[in-house]
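Input: a single structure, listed below in structure tokens.
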Amino acid sequence: MNIVLLGYPGSGKGTQAKTLSVAFSLFHVSTGDIFREAMAAKTPLGLEAAGYISAGKLVPDALVLEVIKERLRNETGGVLFDGFPRTVEQARALDSYFSSAGRRIDAVVFLDVEEESVVSRLGARRTCRKCGKIYNLLTSRPANEGSCDSCGGELVLRDDDSPSVIRNRIKVYKAQTEPLAEYYKAAGNFYPVKGGGSPEAVAAEIAAVIKGKVGR
Ligand code: AP5
Ligand code: MG
């Protein structure tokens with residue numbers, strides 16, 4: 001079972017991926033998290049990606065695909081992709097990489113959320129610097145402002161969550177990622193879910209899609 005989570009920046013991909021990957025024993029691959037870890041460690045990958053990410057632009061396809069192949073090299077179980085693919089070029093490359101291994105994308109779950117709500121969600125998001133847990137100052141507050149309930153790590157606003165970069169990420173999403181909906185509709189594995197409910201309600205909708213796929 002291989003699943004792609006697709007949706008606007010702030011649509012809830014990371015929030016859902018963290019719980020669903022555990023519930024369904026899927027290997028969670030977030031290209032955004034991979035780049036942020038590389039940026040924090042100041043590796044060559046991180047230094048190259050930083051300029052694109054801080055401007056709200058996409059990292060070039062060739063670099064993203066290198067990262068994905070490296071991450072999947074020894075992975076034979078089910079994968080939950082979060083934030084990848086993001087261009088038709090990436091989707092085609094993933095299809096051909098998987099089909100050469102006799103694998104396929106079983107479902108592309110599109111988290112359907114209004115543009116205005118993702119803007120307000122992103123401005124209120126805080127992320128744990130240590131364990132990556134995602135909070136929201138409006139809807140899922142930590143017990144102590146500034147520190148993570150799970151590990152005590154510092155809660156920070158992502159550098160790309162400033163109003164001007166959020167606007168650019170949304171523009172880039174519409175131009176480069178939205179066309180993926182048509183690509184996957186044509187492939188017959190596109191499943192829109194209402195992303196505006198509570199995280200638990202959204203998780204239940206996605207779980208229903210996944211369970212429908214595995215017939216359990
Ligand atoms: P990435 O890290 O993937 O960012 P993104 O797609 O912009 O998405 P976000 O992580 O901002 O949002 P999300 O959908 O995960 O929402 P979340 O669950 O956190 O990528 C960052 C950058 O890296 C890109 O801009 C690009 O430069 C580069 N990059 C990454 N992958 C790439 C690729 N494949 N190709 C090229 N470049 C790439 O939730 C957001 C907030 O909402 C949180 O506060 C959360 O608590 C809250 N929330 C979640 N669900 C709900 C709900 N149901 N109700 C109310 N609040 C909710
Ligand atoms: Mg995310």
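Just so you know, ligand 1 is whichever comes first in the structure, and atom 1 is the first atom listed for that ligand.
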Please list the nearest protein heavy atom to [atom] with its residue and the distance rounded to 0.1 Å.
atom	answer
atom 31 (N) of ligand 1	T31 OG1, 2.7 Å
atom 10 (O) of ligand 1	R158 NH1, 2.9 Å
atom 47 (C) of ligand 1	N136 ND2, 3.8 Å
atom 37 (N) of ligand 1	V59 N, 3.0 Å
atom 42 (O) of ligand 1	R121 CD, 3.3 Å
atom 7 (O) of ligand 1	R169 NH2, 2.8 Å
atom 16 (O) of ligand 1	G12 N, 3.2 Å
atom 12 (O) of ligand 1	G10 N, 2.8 Å

Taking [X] first and then [Y], would you say they form a salt bridge - that is, a charged N and a carboxylate O separated by under 4.0 Å?
X	Y	value
R92	D95	no
R141	E145	yes
R169	D160	yes

Shortest non-hydrogen contact from [X] toward [Y]:
X	Y	value
L26	M1	CD2-O, 3.4 Å
P85	L94	CD-CD2, 4.1 Å
Q16	L5	CB-CD1, 4.2 Å
A17	H28	CB-NE2, 3.3 Å
Y191	D106	CE1-O, 4.2 Å
A49	F35	CB-CD2, 3.8 Å

* Could you walk me through whether F24 and I3 pass side-chain contact (heavy atoms from CB on, under 4.5 Å), step by step? => CA-CA 11 Å; F24 290 95; I3 309 287; over 6 Å; no
Any N/O of [X] closer than 3.5 Å to an N/O of ligand 1?
X	result
R125	yes
Y52	no
G83	yes
G197	yes

* Asked: If hydrogens are left out, which of R86, M39, K13 has an atom nearest to atom 3 (O) of ligand 1, that is, the closest non-hydrogen atom?
  -> R86
* Asked: atom 23 (O) of ligand 1: which of I53, D33, L58 has the nearest heavy atom?
  -> I53
Between [X] and ligand 1, which part of the residue brings a heavy atom under 4.0 Å of the ligand: side chain, backbone, both or neither?
X	value
L122	side chain
P199	both
R126	neither
Y8	backbone
Q16	neither
S198	backbone

* Asked: Mind checking whether G56 has a heavy atom under 4.0 Å from ligand 1?
  -> no
List every atom of ligand 1 that sits less than 4.0 Å from any heavy atom of [X], numbering the atoms from 1 in the order shown and giving each element.
X	answer
T15	17 (P), 18 (O), 39 (O), 45 (C), 49 (C)
P9	5 (P), 7 (O), 8 (O), 12 (O)
T139	55 (C), 56 (N)
I134	18 (O), 19 (O), 43 (C), 45 (C), 46 (O)
G14	13 (P), 15 (O), 18 (O)
R36	2 (O), 21 (C)
Y135	43 (C), 44 (O), 46 (O)
F84	34 (N)

* To do: Using side-chain contact (heavy atoms from CB on, under 4.5 Å) as the criterion, list what pairs up with R103, not counting sequence neighbours.
  => N2, V79, F98, A101
* Inter-residue atom distance S162.OG - L122.CG, 0.5 Å rounding -> 10.5 Å
* To do: Drop me the distance from Y97's OH to L72's CG, to the nearest 0.5 angstrom.
  => 5.0 Å
Name the atoms and distances for all side-chain donor-acceptor pairs under 3.5 Å in residues 110-117, with sequence neighbours left out.
unit_1, atom_1, unit_2, atom_2, d
E115, OE1, Y8, OH, 3.4
E115, OE1, K174, NZ, 2.7
S117, OG, E114, O, 3.1

* **Matching residue for F84 among V64, L6, V67 - test: side chain to side chain contact (heavy atoms under 4.5 Å, CB included)** => V64
* Which is it for S54 and D159 under the side-chain hydrogen bond (donor to acceptor under 3.5 Å, both in side chains) test, yes or no, and what are the steps along the way? -> CA-CA 7 Å; S54 61; D159 290 341; over 6 Å; no
* Using a cut-off of 6.0 Å, state whether more than 12 heavy atoms not belonging to K18 lie near its atom NZ. => yes
